[in-house]
Engineer: 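Questions regarding the structure given below will be posed in turn.
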Amino acid sequence: MRLSRYFLPTLKEDPKEAQIVSHRLMLRAGMIQQSSAGIYSWLPLGHKVLKNIERIVREEQNRAGALEILMPTLQPADLWRESGRYDDYGKEMLRIVDRHERDMLYGPTNEEQVTDIFRSHVRSYKNLPLNLYHIQWKFRDEVRPRFGIMRGREFLMKDAYSFDLDYEGAKTAYNNMFVAYLKTFARLGLKAIPLRAETGPIGGDLSHEFIVLADTGESEVFYHKNLLDLETPEGNDCSPEDLQAIVDEWTSFYAAADEMHNPETCDVAEADLVSRRGIEVGHIFHFGDKYSKTMGATVAGPDGKDVTVSMGSYGIGVSRLVGGIIEASHDDDGIIWPESVAPFKVGLINLKSGDAECDAACDSFYGKLTEAGVEVLYDDTAGRAGEKFAKMDLIGLPWQATIGPRGVKSGVVEVKNRATGEKQEVALSEALTLLAGRS
RNA sequence: CGGGGCGUAGCACAGCCUGGUAGUGCGCUCGCUUUGGGAGCGAGAGGUCGCAAGUUCGAAUCUUGCUGCCCCGACCA
């Protein structure tokens, strides 16, 4: 993509309304535009990142055997009356009345909707286990939206729902998602740690929050330092026993949010206990028959008798992750995208647009990179060197390739790694191998 | 929902106290000079001063109401 033909409205100065770093950088990098409090438009650069995150989340859900569906944003109130949540949910639920005076709502979540789908079509235990997910916009009318995209009112979320015959099955489904989440966050370039979360009246130990570590995080977390050294699991088709073993390993170390942490009862040695700040990006939860019971989601068991299915739900804040990744990965100059989610892999800087030799060298290099399947943002504008460098640093592409009059004479390009700042001058052909060779 | 703050050009702000018809920096357009880390000079474009009533000969400025946004707290993916 040539920058001259792209839509990238960057800002040199910090917008006043943005306090935290991800919000500031997203506005400055031209990724989003606020529409109203907690509601944003996604501009091309931001949209690419959002879609990249969504893609990885989707791939890992599919790999874990979850099936993608798409449920509506607008739901009938009657479904929520069945579960009792229409009255319980409170003002965070945006309620709408259609032209026929029917009560509707903009979905803050989809348990009722998915339970309705399930009960309409699944009759036999032979169809279990089942895990349905979708990636859809949600709306929660937060009293106080803040932190830009991190806590908006409208947000993109992946939510999966598992259906099993009994608790044992549900536990395997839960463990399956637990492991999928570890893989997902690792691919997103994040250090995410699972925290045991409050399970409320349902009880049990099947509820975890996944927290991304970032100095600017919203809440404080305490954990055993060895937790971060664990290997991310690999491979597919794990048996229930394998899944359980992985979950057991990851939950064997102490980890708690500040409201759950009690220094009195915490038995981790002080030297091993780490305290950092974090951002919640995922939550998995087993809730048993809470909805299946009230909404009549049953299947015939092996003995022919109806069984109320056991359910769980598994959320990942896709749009929130955009902010979360920035919080976890930036410096004073701007964003530092992990390659897996970067909007472009390489930023090509033409230091002297209009100079025949520079233009020719850049155009050719751009063509070859593109041909090799590398996504490039090519700054072919007439700007000055300093502003081009600053802009590239700001938008955080993993690699910068700079071609200027000095290097073009000797046929070299300067390749800079955004994360390390390391620069090297290499021949054009070598740079091509370097940049196209990496996946 | 309690408390606080702010709405003036695309962005950041001054002007308001003490009314007289709007300004600075950045950005944008054009020209010249520059050219390896957000350049210099010159010339331009761009504003119903959040909205509405009121006071006044006259309101960005004073009064009242409304509205939008931000921050702290309580609450949440």
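Quick note on labels: first sequence line is chain A, next is B, and so on, each numbered from 1.
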Engineer: Among Y174(A), Y314(A), Y133(A), exactly one meets side chain to side chain donor-acceptor pair (under 3.5 Å) together with S162(A). Which residue is that?
Structural biologist: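 Among Y174(A), Y314(A), Y133(A), the one that satisfies the side chain to side chain donor-acceptor pair (under 3.5 Å) with S162(A) is Y314(A).
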
Engineer: Please name the nucleotide paired to rA39(B) by Watson-Crick or G-U wobble geometry with both distances under 3.5 Å, or report none.
Structural biologist: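 Checking every strand shown, rA39(B) finds its partner in rU33(B), with both distances under 3.5 Å.
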
Engineer: Heavy atoms only, 4.0 Å cut-off, all strands: where does G315(A) land among base, sugar-phosphate and nothing?
Structural biologist: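 Nothing, no heavy atom under 4.0 Å.
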
Engineer: Could you give the distance separating rU61(B) and rA43(B) at their C1' atoms, to the nearest angstrom?
Structural biologist: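 rA43(B) and rU61(B) have their C1' atoms separated by 33 Å.
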
Engineer: rC76(B), rC75(B), rC70(B): which one has an atom nearest the side-chain heavy atoms of R146(A)?
Structural biologist: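 Within the option list, the nearest is rC75(B).
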
Engineer: Between L394(A) (CG) and rC26(B) (P), how many Å, whole number?
Structural biologist: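 Rounding to the nearest Å, CG of L394(A) and P of rC26(B) are 20 Å apart.
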
Engineer: Does Y86(A) have R95(A) sitting over its ring (NZ/CZ under 6.0 Å from centre, angle to axis within 45°)?
Structural biologist: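 Cation-pi check for R95(A) and Y86(A): passes.
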
Engineer: Classify the ring geometry between Y106(A) and F139(A) as parallel (under 30°), tilted (30 to 60°) or perpendicular (over 60°).
Structural biologist: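 Tilted: the ring planes of Y106(A) and F139(A) meet at 30° to 60°.
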
Engineer: Which is true for Q34(A) with a 4.0 Å heavy-atom rule: it touches a base, it touches only sugar-phosphate, or it touches nothing?
Structural biologist: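 The answer is sugar-phosphate, as Q34(A) gets under 4.0 Å only of primed atoms, P, OP1 or OP2.
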
Engineer: Indicate, with a heavy-atom threshold strictly under 4.0 Å, whether K91(A) touches base, sugar-phosphate, or nothing.
Structural biologist: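 Answer is sugar-phosphate: K91(A) comes under 4.0 Å of backbone atoms only.
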
Engineer: Say you pick atom C1' in rA9(B) and the same atom in rC66(B); how far apart are they, in whole Å?
Structural biologist: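 That atom pair is separated by 25 Å.
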
Engineer: Hey, does the side-chain of E387(A) have a donor or acceptor N/O within less than 3.5 Å of a partner on the base of rG37(B)?
Structural biologist: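 Per atom types, no contact qualifies.
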
Engineer: Nearest to the V143(A) side chain among rG36(B), rC70(B), rA74(B), which nucleotide is it?
Structural biologist: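 From the listed options, rA74(B) comes nearest.
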
Engineer: Need to verify one output field. Residue with the more 5' nearest nucleotide on RNA chain B, H283(A) or E13(A)?
Structural biologist: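 It is E13(A) whose nearest nucleotide is closer to the 5' end.
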
Engineer: Taking only side-chain nitrogens and oxygens of R406(A), does any of them come within less than 4.0 Å of OP1 or OP2 of rG36(B)?
Structural biologist: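 Answer no for this pair, as no side-chain N or O of R406(A) is under 4.0 Å from OP1 or OP2.
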
Engineer: Side chain of R144(A) only, please: which of rC71(B), rA12(B), rG36(B) is the nearest?
Structural biologist: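 Nearest listed nucleotide: rC71(B).
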
Engineer: Can you tell me how far C1' in rC69(B) sits from the matching atom in rC51(B), rounded to whole Å?
Structural biologist: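 Straight-line distance between the two C1' atoms is 15 Å.
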
Engineer: Rounded to whole angstroms, how far apart are CH2 on W137(A) and P on rA77(B)?
Structural biologist: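 So the two atoms are 18 Å apart, to the nearest Å.
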
Engineer: Output the rounded distance in Å from CD (Q33(A)) to C1' (rC11(B)).
Structural biologist: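 One finds 12 Å between C1' of rC11(B) and CD of Q33(A), rounded.
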
Engineer: By nearest atom, which of the nucleotides rC71(B), rC1(B), rC11(B) is closest to the L11(A) side chain?
Structural biologist: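 Output: rC11(B).
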
Engineer: When we call it a touch if two heavy atoms are under 4.0 Å apart, what does D159(A) touch: a base, just sugar-phosphate, or nothing?
Structural biologist: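 Here D159(A) touches no strand at all.
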
Engineer: Go ahead and name the base partner of rA52(B); Watson-Crick or wobble counts if both distances stay under 3.5 Å, otherwise write none.
Structural biologist: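 Pair assignment: rA52(B) / rU64(B).
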
Engineer: Using whole Å, report how far CD of E414(A) lies from C1' of rG37(B).
Structural biologist: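 Distance, rounded to whole Å: 11 Å.
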
Engineer: Check every strand shown and say whether T109(A) touches a base, only sugar-phosphate, or nothing at a heavy-atom separation below 4.0 Å.
Structural biologist: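 Result for T109(A) = nothing.
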
Engineer: Checking E220(A) against S275(A): is there a side-chain donor and acceptor pair closer than 3.5 Å?
Structural biologist: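 Judged by distance alone, the side chains do pair up.
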
Engineer: Which residue, P145(A) or R320(A), contacts RNA chain B at a nucleotide closer to its 5' end, judged by nearest heavy atom?
Structural biologist: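 The residue mapped nearer the 5' terminus is P145(A).
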
Engineer: Any base atoms under 4.0 Å from A390(A), or only sugar-phosphate, or nothing? Heavy atoms, all strands.
Structural biologist: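 Base contact - A390(A) has a heavy atom under 4.0 Å of at least one base atom.
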
Engineer: Within this structure, what is the CG-to-C1' distance between L351(A) and rA39(B), rounded to whole angstrom?
Structural biologist: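 From L351(A) CG to rA39(B) C1': 15 Å.
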
Engineer: For K16(A) and rC11(B), is the shortest distance between a side-chain N/O and OP1 or OP2 below 4.0 Å?
Structural biologist: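 It does not, given that no N or O in the side chain of K16(A) lies less than 4.0 Å from OP1 or OP2 of rC11(B).
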
Engineer: For F389(A) and rG37(B), give me the distance from atom CZ to atom C1', rounded to whole Å.
Structural biologist: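 Distance, rounded to whole Å: 6 Å.
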
Engineer: Which listed nucleotide (rG37(B), rC13(B), rG27(B)) is nearest to the side chain of K416(A)?
Structural biologist: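 Of the options given, the side chain of K416(A) lies nearest rG37(B).
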
Engineer: In whole Å, what separates the P atom of rG31(B) from that of rG47(B)?
Structural biologist: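 To the nearest whole Å, 23 Å.
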
Engineer: Indicate whether the side chain of T308(A) and that of D289(A) have a donor and an acceptor atom separated by less than 3.5 Å.
Structural biologist: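 No pair is found: no donor N or O on one side chain lies under 3.5 Å from an acceptor on the other.
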
Engineer: In the strands shown, is rG44(B) matched to any nucleotide by a Watson-Crick or G-U wobble pair with both distances under 3.5 Å, and which?
Structural biologist: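 When the pairing criteria are applied, rC28(B) turns out to be the nucleotide that pairs with rG44(B).
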
Engineer: To the nearest 0.5 Å, what is the distance between CZ (F287(A)) and OG (S292(A))?
Structural biologist: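 If we round to the nearest 0.5 Å, F287(A):CZ and S292(A):OG are 7.5 Å apart.
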
Engineer: Check every strand shown and say whether G383(A) touches a base, only sugar-phosphate, or nothing at a heavy-atom separation below 4.0 Å.
Structural biologist: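 The answer is nothing, as G383(A) stays clear of every strand by at least 4.0 Å.
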
Engineer: What integer distance in Å separates R24(A):CZ from rC70(B):P?
Structural biologist: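 Result: 16 Å.
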
Engineer: Taking atom C1' of rC76(B) as reference, at what distance in whole Å does atom CE of M157(A) sit?
Structural biologist: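 About 11 Å, once rounded to whole Å.
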
Engineer: Could you tell me whether G90(A) contacts a base, only the sugar-phosphate backbone, or nothing, with contacts defined as non-hydrogen atoms closer than 4.0 Å?
Structural biologist: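 Contact class for G90(A): none.
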
Engineer: If the test is ring pair (Phe, Tyr, Trp, His ring centres under 6.0 Å), which one of Y6(A), W337(A), Y378(A), W399(A) qualifies with F344(A)?
Structural biologist: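 The passing option is Y6(A).
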
Engineer: Could you give the distance separating rU8(B) and rG4(B) at their C1' atoms, to the nearest angstrom?
Structural biologist: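 Each nucleotide's C1' atom is 22 Å from the other's.
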
Engineer: Determine the interatomic distance between C1' on rC17(B) and the same-named atom on rU63(B); round to the nearest Å.
Structural biologist: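 After rounding to an integer number of Å, I get 15 Å for this pair.
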
Engineer: Which base sits across from rA59(B) as a Watson-Crick or G-U pair, both distances under 3.5 Å?
Structural biologist: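 Looking at the geometry, rA59(B) pairs with no nucleotide.
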
Engineer: Please work out which of the three classes, parallel, tilted or perpendicular, describes the rings of H286(A) and Y167(A), given edges at 30° and 60°.
Structural biologist: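 Ring orientation, 0 to 90° scale: perpendicular.
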
Engineer: With a non-hydrogen cut-off below 4.0 angstrom, is R28(A) in contact with a base, only sugar-phosphate, or nothing?
Structural biologist: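 Base contact - R28(A) has a heavy atom under 4.0 Å of at least one base atom.
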
Engineer: Among rG38(B), rG36(B), rA77(B), find the nucleotide with the atom closest to the side chain of P405(A).
Structural biologist: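 For the P405(A) side chain, the nearest candidate turns out to be rG36(B).
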
Engineer: Could you measure between the two P atoms, the one in rA14(B) and the one in rU24(B), and give it in whole Å?
Structural biologist: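 Roughly 16 Å separates the two P atoms.
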
Engineer: In terms of relative ring orientation, are H224(A) and F253(A) parallel, tilted or perpendicular, with 30° and 60° separating the classes?
Structural biologist: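 Ring orientation of H224(A) relative to F253(A): tilted.
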
Engineer: rG20(B) and rU29(B): how far apart are their P atoms, nearest whole angstrom?
Structural biologist: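 Straight-line distance between the two P atoms is 35 Å.
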
Engineer: Which one is paired to rA22(B), where only Watson-Crick or G-U wobble pairs with both distances under 3.5 angstrom count?
Structural biologist: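 When the pairing criteria are applied, nothing turns out to pair with rA22(B), so the answer is none.
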
Engineer: Assign E17(A) to base, sugar-phosphate, or nothing according to its heavy-atom contacts below 4.0 angstrom with the strands shown.
Structural biologist: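 Since only primed, P, OP1 and OP2 atoms lie under 4.0 Å of E17(A), the category is sugar-phosphate.
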
